[in-house]
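Structure first, commentary second.
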Amino acid sequence: MTSTPPRDPRIPDLVSLQEAADILGISKQAVHKRVEAAQLVGARVGNAWVFRRSVIEAARPAQSGGTDENSEGVRQ
């Protein structure tokens, strides 16, 4: 068996655009719209978007239960 090396605490835990969408329960397009609207902060690395897991998880409670969002998952 191979063991996973310990994670360097100086390197942030990142998630992809798809993982962010899955965590938030919205589409990839809705995540991208939130980035464009400055509601989420991400970074483009080559052709891919990455997000700090902590930022995405912090955004999750804000969208559950009683927020007014349109079909793209963007708060109104």
Side-chain angles (χ1 to χ4, degrees):
M1 279 205 279
T2 60
S3 64
T4 306
R7 193 173 90 67
D8 186 338
R10 296 171 293 173
I11 300 173
D13 190 11
L14 302 175
V15 297
S16 68
L17 181 67
Q18 181 63 62
E19 290 170 317
D22 292 344
I23 291 168
L24 294 171
I26 59 178
S27 69
K28 292 190 305 186
Q29 294 83 2
V31 173
H32 199 272
K33 285 184 179 188
R34 287 186 180 195
V35 171
E36 290 175 345
Q39 295 174 337
L40 285 176
V41 177
R44 194 151 180 131
V45 179
N47 260 354
W49 280 94
V50 293
F51 304 87
R52 287 182 185 249
R53 180 178 298 275
S54 59
V55 169
I56 298 302
E57 290 178 349
R60 183 174 32 188
Q63 69 161 331
S64 62
T67 61
D68 187 22
E69 295 183 0
N70 65 18
S71 62
E72 282 96 30
V74 177
R75 295 178 80 167
Q76 308 243 337

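Just the heavy atoms: all of them, side chains too, but no hydrogens, waters or symmetry mates, feed the values below.
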Should His32 and Gln29 be marked as a side-chain contact (heavy atoms from CB on, under 4.5 Å) after you check the CA-CA gap, both sets of side-chain angles, and the distance that decides it?
CA-CA 5 Å; His32 199 272; Gln29 294 83 2; 5.6 Å; no

Enumerate, atom names and distances included, each donor-acceptor pair closer than 3.5 Å involving a side-chain atom of residues 5-22, sequence neighbours excluded.
unit_1: Arg7; atom_1: NH1; unit_2: Ile11; atom_2: O; d: 2.4
unit_1: Asp8; atom_1: OD1; unit_2: Arg10; atom_2: N; d: 2.9
unit_1: Asp8; atom_1: OD1; unit_2: Arg10; atom_2: NE; d: 3.0
unit_1: Asp8; atom_1: OD2; unit_2: Arg10; atom_2: NE; d: 3.4
unit_1: Asp8; atom_1: OD2; unit_2: Arg10; atom_2: NH2; d: 2.8
unit_1: Asp13; atom_1: OD2; unit_2: Arg53; atom_2: NE; d: 2.9
unit_1: Ser16; atom_1: OG; unit_2: Gln18; atom_2: N; d: 3.4
unit_1: Ser16; atom_1: OG; unit_2: Glu19; atom_2: N; d: 3.1
unit_1: Ser16; atom_1: OG; unit_2: Glu19; atom_2: OE1; d: 3.4
unit_1: Gln18; atom_1: NE2; unit_2: Asp22; atom_2: OD1; d: 2.9
unit_1: Glu19; atom_1: OE1; unit_2: Ser16; atom_2: N; d: 2.7

Nearest heavy-atom pair of Ile56 and Leu24: which atoms, and what distance?
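Minimum heavy-atom separation between Ile56 and Leu24: O-CD2, 3.5 Å.
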
Are any non-hydrogen side-chain atoms of Val31 and Trp49 less than 4.5 angstrom apart?
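The answer is no, as the side chains (C-beta and beyond) never meet within the 4.5 Å cut-off.
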
Provide the full list of salt bridge (Lys or Arg N to Asp or Glu O under 4.0 Å) pairs with a residue in residues 40-50, sequence neighbours left out, each pair given once.
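Pairs touching residues 40-50 that pass the test: none.
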
Connected via hydrophobic side-chain network under 4.5 Å: Ile23 and Leu40
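The answer is yes; both residues are in one hydrophobic cluster.
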
